[in-house]
2 protein chains.
Amino acid sequence: MAGLKQVQRQTGVALWRQIADRIREAIGNGAYDETGMVPPETVLALQFGVNRHTVRSALAALAQEGIVRAVQGRGTLIERKERLSFPITRRTRFTAGIGDQAREMRSLLLDEVTEEASVEVARWLGLKPGAQVIRLETLREADRRPVSKATSWFPAERFAGIGEAYGKHQSITKAFAELGLADYVRATTEVTAAHADTADLADLELTPGAILLIAKAMNTDLDGVPVQYSISRFAADRVQFTIEN
Amino acid sequence: MAGLKQVQRQTGVALWRQIADRIREAIGNGAYDETGMVPPETVLALQFGVNRHTVRSALAALAQEGIVRAVQGRGTLIERKERLSFPITRRTRFTAGIGDQAREMRSLLLDEVTEEASVEVARWLGLKPGAQVIRLETLREADRRPVSKATSWFPAERFAGIGEAYGKHQSITKAFAELGLADYVRATTEVTAAHADTADLADLELTPGAILLIAKAMNTDLDGVPVQYSISRFAADRVQFTIEN
DNA sequence: TGCAATTGTCTATATCAATAGACATTTCGA
DNA sequence: TCGAAATGTCTATTGATATAGACAATTGCA
């Protein structure tokens with residue numbers, strides 16, 4: 001791992017961005033924990049085989065994100081470094097899952113819509129396409145940093161008023177409880193990764209080219225009846241999923 | 001979903017690459033299944049709000065990857081479209097997991113090294129740092145398309161000769177069996193996503209900017225003793241993970 | 001056949017990305 | 001206090017990226 005960190009040219013991805021991505025990831029992996037600083041620009045330029053100005057562009061981007069802060073004469077200090085671990089189990093819950101990894105958890109209800117189920121949503125919820133479903137758009141934060149954006153669908157008939165309940169409790173679990181569903185379990189999770197689109201970039205405070213970890217999840221009640229289908233989009237450099245079998 | 005597909009400028013990621021990524025993903029999601037073709041260049045240019053030449057650069061990149069093929073006078077045909085589903089369960093096995101989703105599975109042993117365990121590897125395998133471990137680098141293909149590249153570590157003492165056994169059987173399960181381990185289970189999986197580095201780009205036949213789904217997994221024998229720690233890197237546009245709870 | 005739709009090719013121009021070198025400014029320790 | 005080490009700023013040059021417009025070549029259909 002001590003080897004040369006390589007970047008590629010003429011690929012449509014600017015060198016400074018490739019380098020920024022590598023450094024951001026290295027910080028997340030604790031590579032520079034000993035000093036609390038990124039190596040000097042001249043050293044990085046040598047490691048990546050590029051000009052010092054190119055490294056400076058990368059560091060400027062990271063500074064813009066609030067990840068590092070350059071101090072003239074000293075070096076480039078690491079400001080923030082976080083990778084939350086998000087467990088996926090039969091009892092997956094967002095807030096409880098993050099648990100003590102963050103001091104403050106927040107959940108914002110961005111939008112609530114009642115609509116007809118698409119083919120995909122109907123299949124996951126065990127409904128007929130066109131059946132009424134409630135869609136919630138939510139944004140979840142840990143210590144004031146956006147962590148994930150989620151789109152959730154619920155059968156409209158059974159969970160009327162879930163948007164209001166969610167807004168009040170900022171928790172799916174508590175919203176379910178208020179509507180008479182005491183417990184539920186995670187039945188299936190599909191994980192993919194993709195580039196973030198413009199809307200997600202803005203809400204998650206990411207820069208273009210950023211990666212999303214995408215979890216498509218279906219929850220059921222204790223009788224196995226689907227109660228929620230959701231597509232959650234996580235900032236890949238801030239979280240990892242853990243699956244304990 | 002019918003809305004404007006937006007791309008961003010001055011982000012270090014060329015517009016043509018952002019557009020190529022979007023189209024590749026749309027193809028993977030079956031967006032153009034009805035026609036089997038990508039919309040005309042002029043239409044895409046309008047949708048993305050860019051010049052037709054920029055769209056052409058994106059399509060040229062996808063053609064280079066073998067995903068589409070442009071035919072003058074007709075349009076741009078979709079050549080290949082695949083997203084394998086890879087289940088993660090207590091009994092996760094690569095070959096069996098992909099199962100009937102591909103006609104032909106192959107597994108190549110790229111390298112075998114006996115080395116001292118790093119802190120991370122030692123922790124996962126329950127060894128002392130510096131203990132002897134065998135590291136295997138493997139490349140797995142489905143229907144001649146590279147799917148994932150994996151680095152695996154095994155306790156050297158218990159599994160001496162596993163490289164040879166793997167090379168013979170092209171299967172971890174069968175290699176374990178030959179060495180006297182009849183059964184094993186997946187204990188823990190951590191999933192993250194990141195940009196591919198140069199070596200992985202080449203082996204997985206990806207283009208820079210491509211995303212990897214990364215699974216760090218630990219397998220144990222039936223007594224709960226760690227037998228394997230692996231870091232598998234999957235081409236994110238070719239696979240998804242499914243977790244059934 | 002002829003035309004509409006579509007991809008292919010060429011020229012020109014402006015902006016972004018990357019390199020190169022020089023020198024200023026700040027910090028910290030010998 | 002001086003100097004080494006580090007970041008900050010400036011100029012200049014080259015190649016990649018993106019736009020713009022015009023027209024050629026191919027396909028398929030009326």
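Computed from a prediction, not measured in an experiment: that's the story for all the values here. In the text below, chain A, chain B and the rest are named by the order of the sequence lines, each starting its count at 1.
Of the candidates dA18(D), dT7(D), dT19(D), dA18(D) carries the atom nearest the A14(B) side chain, counting heavy atoms from C-beta on. Comparing dT7(D), dA20(C), dA20(D) by their closest approach to the side chain of N51(A) singles out dA20(C). Comparing dT7(D), dT17(D), dT19(C) by their nearest atom to the side chain of W16(B) picks out dT17(D).
Rounded to whole Å, the distance from CG on L59(B) to P on dT9(C) is 14 Å. Rounding to whole angstrom units, CZ of residue F48(B) and P of dT17(D) are separated by 18 Å. For E41(A) and dA18(C), the CD to C1' distance is 15 Å, given to the nearest whole Å. Whole-Å rounding puts the R17(A) CZ to dC16(C) P distance at 16 Å. L15(A) has its CG atom 13 Å from the C1' atom of dC16(C), to the nearest Å. Straight-line distance from the CD1 atom of I19(B) to the C1' atom of dA18(D): 10 Å, rounded to whole Å. R56(A) has its CZ atom 16 Å from the C1' atom of dA17(C), to the nearest Å.
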Set out, in order, the CA-CA distance, both residues' side-chain angles and the distance that settles side chain to side chain contact (heavy atoms under 4.5 Å, CB included) for L62(B) and R24(B), then state yes or no. CA-CA 7 Å; L62(B) 295 178; R24(B) 190 193 301 104; 3.9 Å; yes
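The side chain to side chain contact (heavy atoms under 4.5 Å, CB included) test applied to S57(B) returns W16(B), not counting sequence neighbours. Listed by chain and number, the residues in a side-chain hydrogen bond (donor to acceptor under 3.5 Å, both in side chains) with T138(A) amount to none (sequence neighbours excluded). Residues forming a ring pair (Phe, Tyr, Trp, His ring centres under 6.0 Å) with F241(A) (at least two apart in sequence, or on another chain): F86(A), F234(A). The side-chain hydrogen bond (donor to acceptor under 3.5 Å, both in side chains) test applied to R69(A) returns E79(A), not counting sequence neighbours. Applying the side-chain hydrogen bond (donor to acceptor under 3.5 Å, both in side chains) rule to R123(A) yields no partners; only residues at least two apart in sequence or on another chain are considered.
Distances shown here put a side-chain N or O of T76(A) below 4.0 Å from the OP1 or OP2 atom of dT7(D). At the phosphate of dT17(D), neither OP1 nor OP2 sits under 4.0 Å from any side-chain N or O atom of S57(B).
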Whether each nucleotide of nucleotides 22-30 of chain C has a protein heavy atom under 4.0 Å at its base (B), only at its sugar-phosphate (S) or at neither (-) is summarised, 5' to 3', as --BBBBS--
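When atom types are taken as modelled, the side chain of T35(A) and the backbone of M37(A) share a donor-acceptor pair closer than 3.5 angstrom.
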